[in-house]
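Working notes for the structure below.
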Amino acid sequence: MDSPQSSENWGSSGIIPANHPRRESLLIREKLVEALRENILTEHGLIAHGRGECFDYLIGETTTPFAKRSIEISASLLLLAKKPVISVNGNMAALVPEELVKLANEIPAKLEVNLFYRNEKRLKSIKEKLQRAGATEVLGVEDEQVTIPELFSERRRVSKEGIFSSDVVLLALEDGDRTEALVKMGKKVISIDLNPLSRTSIFSTVTIVDNVTRAIPLLLSKVKEMKTWDRESLVNLSKNFNNRENIAIALSYISERITALSADFKGKGKSI
Ligand code: PTJ
């Protein structure tokens with residue numbers, strides 16, 4: 001029998017009880033804190049995660065029907081792509097490294113490290129994390145880099161062989177400027193972002209309003225399933241997709257959910 005203080009029961013910090021009602025969420029935070037110590041995550045990544053948690057509450061911490069549709073359409077775009085690339089930052093490497101490598105192998109797509117808070121130490125740590133998860137090739141660190149036009153953040157540095165020459169880019173926890181710049185370069189951008197109002201969500205070709213911890217495994221299983229589809233079926237799937245409508249559906253979903261929750265609370269409980 002496991003000792004009650006084993007990391008499996010209590011999380012790596014040894015303080016999260018197995019029966020804690022918010023256990024899953026707290027274990028994800030532990031992963032991020034560990035990644036911070038390993039130079040994978042930037043401190044700002046913790047703040048970004050907190051913002052994501054808030055939006056996750058609003059959608060009910062579950063993959064919604066409209067997110068499932070976006071995931072299916074994203075799978076079709078990735079399978080149809082000639083040069084698909086998965087752009088990996090600190091939060092993604094901390095939360096879903098194995099799943100990212102499996103997804104890249106399955107499509108197949110290239111993996112590229114691309115950071116907003118870029119430094120050599122983090123680039124190397126993230127590359128090594130992906131390699132430990134099974135990646136054989138990781139771009140964006142030692143290979144030839146070029147600059148995305150009209151972009152001034154560190155995210156402008158991309159691999160010549162990777163994002164620069166890609167046709168479809170999958171990214172998450174991104175900043176809107178680069179998403180906009182990539183779309184201007186003629187690329188299809190698939191983003192995973194819990195905030196439907198972020199600039200990334202709005203500028204993307206397809207936005208998956210979901211947590212990367214749920215969306216990436218679901219995308220992997222969709223890619224596996226749809227790999228057997230013929231080209232025409234894949235093309236037909238995304239024909240009528242409009243990302244602005246997708247964002248509108250996400251916002252209505254949140255608003256209706258909050259209205260229903262509010263009705264549930266009305267008239268209940270006792271006055272103090
Ligand atoms: O690793 P780096 O250096 O590239 O830095 C990455 C961060 C995340 C610090 C940087 O890109 C950043 O500051 O991001 P933002 O502008 O805070 O945007 C992050 C977005 O991702 C927000 O809209 C959050 O709601 C959303 N988000 C946070 N956690 C998750 C998420 N979306 C999906 N899954 C999550 N787990």
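Atoms within each ligand, like the ligands themselves, are counted from 1 in listed order.
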Beyond-backbone contact of I192 with E174, side-chain heavy atoms, under 4.5 angstrom: no
Test of understanding: given a 4.0 Å heavy-atom threshold, classify the contact between R118 and ligand 1 as side chain, backbone, both, or neither. neither
Where the closest heavy atom to atom 7 (C) of ligand 1 is concerned, which of N211, V212, L173 has it? L173
Residue pair R69 / F241, side-chain heavy-atom distance below 4.5 Å: yes
Taking only residues two or more places apart in sequence or in another chain, which ones pass salt bridge (Lys or Arg N to Asp or Glu O under 4.0 Å) with K102? none
Can you name the atoms of ligand 1, numbered from 1 with element, that are less than 4.0 Å from a heavy atom of G90? 1 (O)
K227 side chain near L79 side chain, heavy-atom distance below 4.5 Å: yes
Distance under 4.0 Å to a non-hydrogen atom of H44: what atoms of ligand 1 satisfy this? 9 (C)
Under 4.0 Å from any heavy atom of G45, which atoms of ligand 1 are there? 9 (C)
Under a 3.5 Å distance rule, please check whether T62 uses its side chain to pair with a backbone N or O of I59 as donor and acceptor. no
Any nitrogen or oxygen of R155, side chain or backbone, less than 3.5 Å from one on ligand 1? yes
Which one holds for I47 and ligand 1: side chain close, backbone close, both close, or neither close, with close meaning a heavy atom under 4.0 Å? neither
Decide whether an N or O pair under 3.5 Å exists between F116 and ligand 1. yes
Tell me the protein heavy atom at minimum distance from atom 12 (C) of ligand 1, and give that distance in Å. A48 CB, 4.4 Å
Taking atom CZ of R157 and atom CG of L123, what is their separation to the nearest 0.5 Å? 10.0 Å
Rounding to 0.5 Å, atoms OG (S204) and CG (N246) come to a distance of 10.0 Å
The option among D175, N91, L194 carrying the non-hydrogen atom nearest to atom 32 (N) of ligand 1 is L194
At less than 4.0 angstrom from any non-hydrogen atom of D210, what atoms of ligand 1 do you find? 33 (C), 34 (N)
Polar contacts were defined as any N/O atom of the residue lying under 3.5 Å from an N/O atom of the ligand; does this apply to D193 and ligand 1? yes
Suppose we measure from atom 6 (C) of ligand 1 to each protein heavy atom; which comes out shortest, and what is that distance? N89 ND2, 3.7 Å
Please list, chain by chain and in numerical order, all residues satisfying ring pair (Phe, Tyr, Trp, His ring centres under 6.0 Å) with Y253, sequence neighbours excluded. F66
Under the criterion salt bridge (Lys or Arg N to Asp or Glu O under 4.0 Å), which of E137, E142, E120 is the partner of K127? E142
Among all protein non-hydrogen atoms, which one is nearest to atom 16 (O) of ligand 1, and what is the separation to 0.1 Å? R51 NH2, 3.4 Å
For ligand 1, which atoms sit closer than 4.0 Å to a heavy atom of G52? 24 (C), 25 (O), 27 (N), 28 (C), 29 (N)
Heavy-atom distances under 4.0 Å decide this one: backbone, side chain, both or neither, for R122 against ligand 1? side chain
side-chain contact (heavy atoms from CB on, under 4.5 Å) partner of I163, the single match among Q145, R178, K110: R178
